[in-house]
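One structure is given here, and the rest of the page talks about it.
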Amino acid sequence: MHWAVRMGVGGVGLLICFLSFRLIIIPGDATRLLPKYLSFSSANSTFRIAVFADLHYGENAWTDWGPLHDENSDRVISSVLNMENPDFVVYLGDVITANNLAMPNASNYWEMAISPTRNKNIPWASLFGNHDDMAFEWPEEWFGSLGVPSIQCSSSQSATGCEQESDCYFQGTTRAELIEMDMQHNLSHSSYGPKSLWPSVSNYVLEINSYMHPELPAAFLYFLDSGGGSYPEVISATQARWFQQTSAQRNPGARIPEIVFWHIPSQAYGKIAPSPGSPIKQPCVGSINLEAVAPQEAEYGIMDILTNRTSVKAVIVGHNHGLDWCCPYKSLWLCFARHTGYGGYGSWPRGARILELVEEPFAVNSWIRMEDGTTHKENLIV
């Protein structure tokens, strides 16, 4: 068994209902009822995943540039989907910027983010980042000479259901509400996860079935909530134990490969990171290294568990918009995705990490597909 990675290197205006929210029509969910399982497919038995990280929909909807950023993010997602035609999509957290959403129902912008994938009938799974349920941050300029914009709010999705300004509130939408909305779509493989892991929510595992032996799993994808927003930026000891127990139960003997996704890098990323701004040198691979790792606040055992489990091949994270490298760490690989959305900090070109799983012999080929159609690649076989 081996694992391969291939990578490359104005003024404040009027706020109308939902802050210029674009109405999303959902005509296609009933047209393709998918079974709730994933499978390697085709003669070469591959499974391709597009990872969309840090989209940050919904920023500054009261300005010209906010809605334009969302439109640009739509374009990036659609371009990657058209060029890569993935079997599956992972939304890797910070799908929305809740702290910048002056509306009661942030799920409207979550719908924007998943709509390009849904409209192409591609299944997906989501997890949470630190901005998805962050408390609203009142813009300082609203309290200057220009004043607070005239806001009409409604928790309904009806474009004519505006309420009085006195009824507006800025409590946002909770993790539980967001994931429940996501799960309502037939194409969604997202899950709330065990209630015992609260306040973390998006903790679950997906199985990719074998093409040659459809009754058997050929790979597992694990999703963990790394916190932030409404609670500290950590993967708790309880989550770590849940992974340890679940993986032992689902994959006894650690015979089947496992890949793990979460949003905020663990502190282990900082231990192996290339010096910010320096060239990315082997054994690391990547194309952008323009900032320091911003890790979780603490570690409570998850990395020890992962590195002592031979079936875990890689951890994929987002959060740092100026990083897309992968580096080996003990028995596995630690990888960043690529900043996909036009929201959030940084003006670096956008793209998405692509993971192509090969069933037999098991391998993972990975590259960055850029918004302009180019790819950044390196070849590494382990």
Side-chain angles (χ1 to χ4, degrees), residues 5-9 48-57 69-70 72-86 88-97 113-114 116-117 122 124-127 129-131 221 223 226 259-265 269 272-274 276-277 279-280 284-295 314-327 333-357 364-380:
V5 182
R6 190 176 71 229
M7 282 162 277
V9 171
R48 184 172 294 187
I49 303 171
V51 181
F52 297 139
D54 298 280
L55 292 163
H56 288 281
Y57 274 79
H69 277 190
D70 292 340
N72 289 337
S73 297
D74 284 349
R75 187 189 68 247
V76 176
I77 294 173
S78 296
S79 296
V80 170
L81 295 178
N82 289 335
M83 289 182 284
E84 293 291 346
N85 192 28
F88 194 65
V89 165
V90 171
Y91 285 91
L92 198 63
D94 281 5
V95 177
I96 58 176
T97 304
I114 64 177
T117 301
I122 298 172
W124 73 85
S126 305
L127 57 79
N130 52 302
H131 282 278
L221 308 179
F223 301 82
S226 56
I259 298 175
V260 185
F261 299 87
W262 67 65
H263 181 73
I264 304 174
Y269 275 76
I272 60 170
I280 300 172
C284 299
V285 292
S287 63
I288 184 171
N289 177 40
L290 296 176
E291 60 176 330
V293 173
V315 177
I316 314 295
V317 304
H319 193 56
N320 277 97
H321 299 183
L323 302 175
D324 73 356
W325 49 257
C326 284
C327 289
W333 282 82
L334 300 182
C335 293
F336 283 95
R338 177 82 185 208
H339 184 199
T340 306
Y342 269 74
Y345 72 91
S347 59
W348 305 293
R350 274 65 172 184
R353 178 166 294 285
I354 307 299
L355 303 170
E356 186 174 72
L357 282 60
V364 179
N365 303 312
S366 186
W367 58 93
I368 304 295
R369 173 65 72 173
M370 301 301 295
E371 60 181 324
D372 64 1
T374 60
T375 57
H376 294 167
K377 302 179 182 179
E378 288 289 341
N379 292 310
L380 186 67

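All values below were derived from every heavy atom in this structure, side-chain atoms included, with hydrogens, water molecules and symmetry-related copies excluded.
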Where [X] and [Y] come nearest, the two heavy atoms and their spacing:
| X | Y | answer |
| --- | --- | --- |
| Gly318 | Ala53 | CA-CB, 4.4 Å |
| Ile368 | Ala337 | CD1-O, 4.4 Å |
| Pro295 | Val293 | CD-O, 3.2 Å |
| Trp262 | Ser226 | CD1-CB, 4.0 Å |
| Ile288 | Gly322 | CG1-O, 3.3 Å |
| Ser73 | Gly341 | OG-CA, 3.4 Å |

Parallel, tilted or perpendicular: which fits the ring planes of His321 and His339, with parallel below 30° and perpendicular above 60°? parallel
4.5 Å side-chain heavy-atom contact, [X] and [Y]:
| X | Y | answer |
| --- | --- | --- |
| Val317 | Ile264 | no |
| Glu84 | Trp367 | yes |
| Arg338 | Met370 | yes |
| Trp325 | Cys335 | no |
| Leu55 | Asp94 | no |
| Pro349 | Asp372 | no |
| Val80 | Phe52 | yes |
| Tyr342 | Tyr57 | no |

Hey, is the main chain of [Y] close enough, under 3.5 Å, to the side chain of [X] for a donor-acceptor pair?
| X | Y | answer |
| --- | --- | --- |
| Arg75 | Ser79 | no |
| Asn289 | Leu323 | no |
| Thr340 | Gly351 | yes |
| His263 | Leu92 | yes |

Would you say the side chains of His56 and Thr97 form a donor-acceptor pair under 3.5 Å? yes
Do the side-chain N and O atoms of Asp54 and His319 include a donor-acceptor pair separated by under 3.5 angstrom? no
Starting at CG of Leu127, measure out to OH of Tyr91 and round the result to the nearest 0.5 Å. 12.5 Å
If you round to the nearest 0.5 Å, how far is CG of Leu357 from CG of Leu221? 7.0 Å
Looking at Arg350 and Glu371, does any basic side-chain N land under 4.0 Å from a carboxylate oxygen?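 No salt bridge links Arg350 with Glu371.
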